[in-house]
Amino acid sequence: MGQRVGIEVSIALADAVKLANVDVIAAYPITPQTHIVEHLAELVAEGELDAEYIPVESEHSAMSACLGSSAAGARTFTATAGQGLELMHEVLYVASGMRLPMVMAVANRALSAPLSVWGDHSDAMAVRDTGWIQIFTENGQEVVDQTICAFKITEHHKVLLPVMVHLDGFNLSHVIEPIEMPDEKDVCEFLPFNRSPLTLHPLRPVAMGDFAPPVVFTEAKWAQEQAMLNVKDTILEIWEEFAQKFGRSYKPVECYKCEGAKTLLFTMGSFSETAMTAVDKLRDAGVNVGLIRLRLWRPFPFEEFRAAMKGVETLLVLDRAISSGGPGGPVASEIKAALYNEVEKPRIVSFIGGLGGRDITVTAFEKIIVDGIELAASGSGREYEMVGVRE
Amino acid sequence: MAKPENELTWKDIETGAAVTEPGSAAGYRTGDWRSQRPDYDFSRCLKCGICFVFCPEGCIRQNQRGFYEADLYYCKGCGICAYECPTRVIKMRDEEEK
Ligand code: SF4
Ligand code: SF4
């Protein structure tokens with residue numbers, strides 16, 4: 001059994017990376033990710049972690065260094081946030097296209113301008129099509145557990161795709177929580193080093209990231225997409241194995257008080273816990289409402305999500321990012337797309353809130369639910385509602 | 001590759017579209033957007049191979065008589081060979097010139 005400690009989530013994440021016994025960490029500091037790599041730098045400097053720590057000159061370089069390290073067969077980690085993730089953008093496609101296993105913690109942050117270092121999901125949504133697996137975490141325990149699982153997922157021979165573990169900047173990265181740190185021995189057993197079948201080696205020459213003319217690019221992308229489509233089953237297996245070993249189980253879509261609920265609130269990330277309190281209060285007041293939380297954003301768990309929508313009349317989706325000029329928040333528009341061909345589908349109200357670190361309190365969540373139910377019935381004529389904006 | 005590119009199915013693609021067999025970009029046959037081409041007066045050629053060394057496209061080969069000559073399919077018409085040739089064997093001509 002692991003030990004329960006009070007610890008800052010960023011530090012716990014770094015400790016989880018240490019437990020995973022990484023070989024290479026490339027990092028450029030950016031708020032609110034900084035504490036993660038700072039602690040890893042300390043661990044390496046103090047000799048507690050035998051890894052190569054590469055302080056690079058930008059996030060673009062950090063991701064490029066990770067490519068090289070992963071291609072050489074080393075267990076690789078980096079972390080970033082906000083603008084840093086965007087600076088990596090083009091290299092993210094290279095990592096997934098080359099099927100290079102690696103784990104990246106993303107302490108989600110808003111994108112400038114105006115300059116904001118606080119949490120929202122704009123950065124994560126901007127990279128949703130880069131071919132990375134994206135897991136959203138809700139609390140410190142999940143951050144630690146999912147970081148460990150992420151290494152197993154990324155290196156699995158059926159996966160070999162890079163993984164982002166998302167944690168809300170500040171709301172999660174900078175809070176101190178009680179966390180059960182898994183035992184080193186257990187992590188070693190759960191996470192044996194799984195070497196990629198195709199690595200750079202002087203005796204087995206291989207060229208990676210080659211030129212693909214139009215005549216073969218489609219096939220290459222389809223091969224990559226097939227890997228992505230198979231990923232969910234592998235993730236489920238790995239989460240199940242994790243549950244057996246550590247006693248905490250995870251699902252791609254999780255329901256809270258959904259039984260018989262006609263209205264569901266949909267959230268991702270650390271807001272889910274606050275939303276739960278609002279759901280509890282409204283349930284006590286007789287409102288028939290539940291909460292549905294998405295953990296796995298890429299690949300999108302269509303099956304599980306559609307199953308959870310059976311009998312639901314109203315779905316209130318809270319996005320922490322704007323799809324500018326689009327049909328609502330990025331999550332809401334994907335959810336609409338996922339349900340469009342279903343015969344029975346809920347009415348969907350898209351809410352955008354919590355931008356740039358704006359808090360959504362329990363009371364605000366109650367208002368979202370109450371307003372949402374009303375809007376679903378009456379319709380507002382708008383594509384989405386902006387939560388708490390001063391008119 | 002075992003199969004020509006245009007016959008590869010997605011299942012034939014290596015993980016990460018890696019290439020595990022030897023080969024070179026020569027197979028891609030790209031190089032038809034040139035506006036100038038090298039023109040040779042081999043009577044002054046020393047067969048020194050300087051043009052061969054400097055060609056950024058690697059498209060210059062020795063012909064049967066031992067002279068260095070560009071494979072025009074790959075020549076980008078940059079004129080570096082003409083500039084570097086010590087005996088001015090090579091003149092760059094516009095493509096439409098005879
Ligand atoms: S013109 Fe440029 S590309 Fe063509 S043969 Fe000369 S050096 Fe090579
Ligand atoms: S550089 Fe000039 S002289 Fe030398 S081989 Fe080439 S064409 Fe001949």
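Note that the structure is a prediction, hence the values are computed from the model and not measured. To find a chain, count down the sequence lines: A is the first, B the second, and so on, and within it residues start at 1.
Closest heavy-atom contact between B:Ile13 and A:Ala223: CB-CB, 4.2 Å. Summarising the geometry of A:Glu219 relative to B:Leu8, their closest heavy-atom pair is CG-O, 3.5 Å, with the distance given to 0.1 Å. The shortest non-hydrogen separation linking B:Ala18 to A:Leu198 is CB-CD2, 3.3 Å.
Residue A:Pro213 touches chain B through its side chain alone, counting heavy-atom pairs closer than 4.5 Å. Only the side chain of B:Glu14 comes within less than 4.5 Å of a heavy atom in chain A; its backbone stays farther off. Proximity to chain A involves both the backbone and the side chain of B:Thr15, based on heavy atoms less than 4.5 angstrom apart.
Within 6.0 Å of NZ on A:Lys251 lie no more than 12 heavy atoms contributed by other residues, nucleotides or ligands. Around the CG atom of B:Asn63, the shell of radius 6.0 Å holds more than 12 heavy atoms that belong to other residues, nucleotides or ligands. With a 6.0 Å radius and a threshold of 12 heavy atoms from other residues, nucleotides or ligands, A:Phe217 has its CZ atom at or below the threshold. Counting heavy atoms of neighbouring residues, nucleotides and ligands inside a 6.0 Å radius, atom CZ of B:Phe42 exceeds 12 of them. For A:Tyr93, the OH atom is densely surrounded, since the number of other residues' heavy atoms within 6.0 Å is greater than 12. More than 12 heavy atoms of other residues, nucleotides or ligands shown are found within 6.0 angstrom of CD on B:Glu7.
For the set A:Met208, A:Gln224, A:Gln226, A:Glu225, the count of heavy-atom pairs under 4.5 angstrom toward chain B peaks at A:Gln226. Of the listed residues A:Gly97, A:Gly209, A:Pro197, A:Ala212, the one with more heavy-atom pairs under 4.5 angstrom with chain B than any other is A:Gly97.
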